[in-house]
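First up is the structure itself, then whatever we jot down about it.
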Amino acid sequence: MAETKTADAVRILRRRLAEGGRRLRVHGWAVVQTSVAAGLAYFLAAFVLGNDQPFFAPIAAVISLGLTIGQRGRRAFETSLGVALGLVVADLLVLAIGTGPLQITLVVALAMAAALMIGERTLLVNQAAISAILVIVLQSPEGSFSPDRLINALVGGGVALAINYLFPVDPERVVRRSARPILQELAGLLEEIAAALESGDRERAEQALLKAREIDDRVRGFEEALAAGYETARLSPTRRRALRHLELYAGARTRIDLAVINTRVLARGAANALRRGDRVPTGLPEAVRELARSVRALAGYLEGDAEPDEARRHALQAAREATAILRERHDLAASVLVGQVRSEAVDILRSTGMDQASALAALEEAAGRASEVG
């Protein structure tokens, strides 16, 4: 028992370290951008402009860029606007009513209310509140209104926009590094399901089901990376040529998500079948392996290293072999598993650029051939 717990802990630690390394590879350039922008914003505010309390400049730069690399233009604008609202409201109220707990309560409420009059985006409202708090805490009751804090915040937002525009992330690399682990894990998971079905190993099938549930977070990260890549490619002239390649990933985005869901359902179906002691159809493990091969070929296609034909061929072969099972088995358990294989084959076909009608027609043709062979 103790050895099993230790092995599980080691496995979880390795997975988390691998996931951390993947996130660092994806967001490494964003870390460099953000840290450089913070240092440069502070330098400009403190040593070039000579402003008091220059920390507003690096704060605005960090919030504008951040580790989420999507919608940075809007983030910088909302940061500057939120800072301006918070500073103006706080400065005027401090002069009128002084500082203290009740004043903070009133200032934050008014700053957030003013922000909500303009828009309801969380970043805008929160930044107004945070800026107001900083002003009322740091400014003495007898202080006077100073535009320096507002200028510093604008400097930070401007530096963030300049850094993002002049030294943008590589959108293709960001998206590729987000999509590749999903497809690799998906292919590996399908191979695990196939091996579990072939060997009748119920525990292995249940482990595959647990792994399938862990891929969802990566899919969300992929969607965020894709949105960020689009924004970078649109705003940066040096990255605009990446838009065409990003279209491949955009077309596959929804279908990859559905393929992950279908694989999870397939894993659950396999685990349930083995738990009940059902007889696994002879050709099902190989059909699932064909799906795995198709997913690996899809990764090559999306990265621009291969044509879509190989991914389509393996997907159709998976559907063909799964459909052939129905000639011998018509029970509910077999039909559910076959249906999942066919559904995922359609998702993969759609991910290669085929429309729904063409994918279904190709699938039915493959199924027809399977019937003819029978």
Side-chain angles (χ1 to χ4, degrees), residues 182-202 204-206 208-209 211-213 215 252 254-276 278-299 308-352 354 356 358-374:
I182 297 173
L183 297 174
Q184 288 176 341
E185 283 197 19
L186 189 59
L189 184 58
L190 288 166
E191 290 169 350
E192 280 292 302
I193 295 171
L197 288 170
E198 192 169 54
S199 62
D201 190 336
R202 185 184 68 181
R204 192 170 186 177
E206 291 176 347
L209 178 58
K211 291 179 182 178
R213 292 168 177 162
I215 305 181
T254 301
R255 295 298 157 178
I256 290 175
D257 190 14
L258 291 175
V260 170
I261 294 172
N262 278 325
T263 300
R264 186 165 63 243
V265 176
L266 180 62
R268 184 181 299 114
N272 289 338
L274 294 177
R275 196 178 298 121
R276 292 190 303 264
D278 294 344
R279 183 173 62 86
V280 176
T282 305
L284 185 60
E286 186 58 29
V288 176
R289 286 195 182 93
E290 285 292 340
L291 284 180
R293 297 182 187 110
S294 182
V295 170
R296 294 192 188 281
L298 174 63
D309 297 347
E310 184 178 0
R312 293 172 181 174
R313 178 170 58 82
H314 286 299
L316 291 174
Q317 182 62 23
R320 184 178 298 115
E321 294 186 7
T323 302
I325 294 170
L326 297 179
R327 296 196 310 268
E328 303 174 2
R329 296 271 301 272
H330 296 284
D331 56 279
L332 180 60
S335 298
V336 168
L337 293 171
V338 168
Q340 288 305 131
V341 172
R342 287 167 57 95
S343 180
E344 188 158 347
V346 172
D347 291 332
I348 296 171
L349 292 174
R350 292 292 308 278
S351 298
T352 65
M354 296 180 70
Q356 183 76 6
S358 299
L360 290 176
L363 187 76
E364 291 307 317
E365 182 181 358
R369 290 179 181 175
S371 299
E372 291 172 5
V373 172

>> Checking Arg296 against Glu310 for the salt bridge (Lys or Arg N to Asp or Glu O under 4.0 Å) test, could you report, in this order, the C-alpha distance in whole Å, the side-chain angles of both residues, the deciding distance, and whether it holds?
In response: CA-CA 10 Å; Arg296 294 192 188 281; Glu310 184 178 0; over 6 Å; no

>> Let's go through Thr263 and Ile193 carefully: what are the C-alpha distance in whole Å and the side-chain angles of both, what is the deciding distance for side-chain contact (heavy atoms from CB on, under 4.5 Å) to 0.1 Å, and is it a yes or a no?
In response: CA-CA 9 Å; Thr263 300; Ile193 295 171; 4.0 Å; yes

> Given Leu258 and Arg350, is the side-chain contact (heavy atoms from CB on, under 4.5 Å) satisfied, shown in steps?
Replying inline: CA-CA 11 Å; Leu258 291 175; Arg350 292 292 308 278; over 6 Å; no

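Side-chain contact between Val341 and Leu284: present, with at least one pair of heavy atoms (C-beta onward) separated by less than 4.5 Å. Two residues are said to be in side-chain contact when any heavy atoms from C-beta on lie closer than 4.5 Å; Leu360 and Leu349 fail this criterion. A 4.5 Å side-chain heavy-atom check between Leu337 and Val280 finds every atom pair outside the cut-off.
Nearest heavy atoms, Ala319 versus Ala345: CB-CB, 4.2 Å. In terms of heavy atoms, Val346 sits closest to Ala359 at CG1-CB, 4.3 Å. Minimum interatomic distance between Pro308 and Thr352 (heavy atoms only, all atoms of both residues): CB-CB, 3.8 Å. Here the shortest heavy-atom pairing between Leu190 and Leu266 reads CD2-CD2, 4.1 Å. Of all non-hydrogen atoms in Ile348 and Ala311, the two that sit nearest each other are CG2-O, 4.3 Å. Heavy-atom minimum distance, Ala322 versus Ala287: N-CB, 4.0 Å.
Salt-bridge annotation for Glu286 and Arg293: present, with a side-chain N of the basic residue lying under 4.0 Å from a carboxylate O of the acidic one.
With sequence neighbours excluded, the residues that form a side-chain contact (heavy atoms from CB on, under 4.5 Å) with Arg202 are Glu206, Leu274, Arg275. Judged as a side-chain contact (heavy atoms from CB on, under 4.5 Å), and not counting sequence neighbours, the contacts of Ile182 are Ile215, Arg218, Val219, Phe222, Ile256, Val260. Ser358 meets the side-chain contact (heavy atoms from CB on, under 4.5 Å) test with Met354, Asp355; sequence neighbours excluded.
Rounding to the nearest 0.5 Å places OG of Ser351 at 5.0 Å from CG of Leu298. Once rounded to the nearest 0.5 Å, the distance linking CZ of Arg342 with CG of Leu326 reads 7.5 Å. Of the inter-residue distances, the one linking Glu191 atom CD with Leu291 atom CG reads 11.0 Å to the nearest 0.5 angstrom. Taking OG1 from Thr282 and CG from Leu197, the interatomic distance works out to 12.0 Å, rounded to the nearest 0.5 Å. Once rounded to the nearest 0.5 Å, the distance linking CZ of Arg268 with CG of Leu209 reads 6.0 Å. Rounding to the nearest 0.5 Å gives a distance of 14.0 Å between NE2 of His314 and CZ of Arg289.
The backbone N or O of Ala195 lies less than 3.5 Å from no partner atom in the side chain of Arg204, so there is not a single donor-acceptor pair. A distance-only check finds no donor-acceptor pair linking the side chain of Ser294 to the backbone of Glu290 [under 3.5 Å].
Checked by atom type, the side-chain pair Glu321/Gln317 shows a donor-acceptor distance below 3.5 Å.
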